[in-house]
Every structure is written in structure tokens, then in C-alpha cells.
Amino acid sequence: GIPDEAFDDAIWEQLRRGEVIEVESRLETPAIIQVVAAADGFQAFGQMMEAAGSPLDQEMKDGLEMMGAFREMLTELPLFARPVGAPNYCFISPLKRDYVRVPFEELDGEATLYATVEKRLAKGETWSLLDVMGLGGLPKAARRSAERELKAMKEFGGNVVRPPAALVAPIAIYR
């Protein structure tokens, strides 16, 4: 593993594609992903209300449908791992929903990330929720415009990540 107190620019610059890392981290899930992960619970609640004879209004139905559609777009849920003692660095770890063994909202907190480095973001490059939604290949101008809107959604922090950050393929996350 990488000693937390030694994590700095020199270590960061040495990270290469395919390298295995083990980092004590503070895990964070973007708020919008927590909302989407809860979509099943909201939909079950709506079904229960309907069955109890208290139908939802059209606005609620539309909202639940939109959340469900957004959830289906996300085959992977991003998790951010920031090394303990060096929170300026970020490892973006997309988790396949089918392999997560705890409720997604329980992932936040300190844990060890064991992963392989896929790619360090280059200076000026960004990662955003657009990448998770399969829209990462938008033309630059359209991507910048969409990312400005994502950044403006303060209630959904973590929508846009800038370097120093790296995409990693998670092998295990454990406490």
C-alpha cells in the first residue's frame, strides 16, 4: 500500500496504468447517486400508497419515473476515494451495482481501496456524471456546458472532478 503520510505529488506522478494500489481512504458517494440508489425504495413506497388507496399525484409519478429511468442509465455507481491525510487527490472508482454487498449509502466513511489504476486525469481534463451516464464522448463545448450545469447543482456535490484524480478499477473495498 501507499503510506498515507507519504502520499504527495511525487507519489502521484509515479502512478501508472495497470499499477495495483492499496490506499487508506475516505470514501464519498455523490449525493445524486445516493438519491438514484434510493429510487427502488421510493418506487416501492409509491406502489404501497397506490395499494392502500392513496394514489400519487401525477407530479410524484413523473418524478419517480424520471428517477427510475436515470437509475437504469447508471450501470455503474461512482465512488470517490480520497487518501487519508491527502484529500486533494481523488480516486474515482466505478462500482457495478450488482457487486455491491451493502446498501450504497453505507459506503461513505473510512476504508481501504484496493484497485488498479486505469488512467490519471490530465491537466485540464475532467470526470463527471456525464461519464457514468455514457455521455463522456460529447463534443468539448457541449460537455463544458453540461458540466457547468452539473457544478451549479450544489446540492449534488461531486458532480465534476478535476485533477489530481485517477480512474481506478476496484478489486476490493474493505474496512
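Along the sequence shown, residues are numbered consecutively beginning with 1. When reading the values below, keep in mind they use all heavy atoms of this one structure, side chains included, and skip hydrogens, waters and symmetry mates.
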Next on the checklist: Taking CD in E59 as the centre, count heavy atoms belonging to other residues, nucleotides or ligands within less than 6.0 Å. Is the count above 12?
Outcome noted: no
Checklist outcome for this item: Going by chain and number, the hydrophobic cluster around I171 (ILVMFWY, side chain to side chain under 4.5 Å) further includes V20, Y114, Y174
Next on the checklist: With rounding to the nearest 0.5 angstrom, report the CZ to CD distance, R26 to E110.
Outcome noted: 6.0 Å
Checklist entry - Given side chains that start at C-beta, do those of K123 and R162 come closer than 4.5 Å, heavy atoms only? => result no
Item to check | Euclidean distance, I173 CD1 relative to R101 CZ, rounded to 0.5 Å | outcome: 12.0 Å
Next on the checklist: How close do E28 and L79 get, counting heavy atoms only, and between which atoms?
Outcome noted: O-CD1, 3.5 Å
Item to check | Side-chain donor or acceptor of E19 paired with backbone N/O of R16 under 3.5 Å | outcome: yes
Item to check | Stepwise side-chain contact (heavy atoms from CB on, under 4.5 Å) check, I21 with T116 | outcome: CA-CA 6 Å; I21 59 169; T116 57; over 6 Å; no
Checklist entry - Any side-chain heavy-atom pair from V102 and L107 closer than 4.5 angstrom? => result yes
Next on the checklist: Any side-chain to backbone donor/acceptor pair from D108 onto T29? Under 3.5 Å, distance only.
Outcome noted: yes
Checklist entry - Any side-chain heavy atom of P170 sitting closer than 4.5 Å to one from S93? => result yes
Checklist entry - Which pair of non-hydrogen atoms, one from A169 and one from E118, has the smallest distance, and what is that distance? => result CB-OE2, 3.4 Å
Checklist entry - So, the side chain of Y89 versus the backbone of D9: is there a donor-acceptor pair under 3.5 Å, distance only? => result yes
Checklist entry - Do the non-hydrogen side-chain atoms of S25 and T112 ever get within less than 4.5 Å of each other? => result no
Next on the checklist: Using 0.5 Å steps for rounding, measure from the CZ atom of F91 to the CZ atom of R120.
Outcome noted: 10.0 Å
Checklist entry - Measuring from R175:CZ to E106:CD, what's the distance to the nearest 0.5 Å? => result 8.5 Å
Checklist outcome for this item: Taken to the nearest 0.5 Å, the spacing of K96 NZ from L77 CG works out to 10.5 Å
Next on the checklist: Any heavy-atom pair between the side chains of V161 and S128 that's under 4.5 Å?
Outcome noted: no
Checklist entry - Where does the angle between the aromatic ring planes of F80 and W127 fall among parallel (under 30°), tilted (30 to 60°) and perpendicular (over 60°)? => result perpendicular
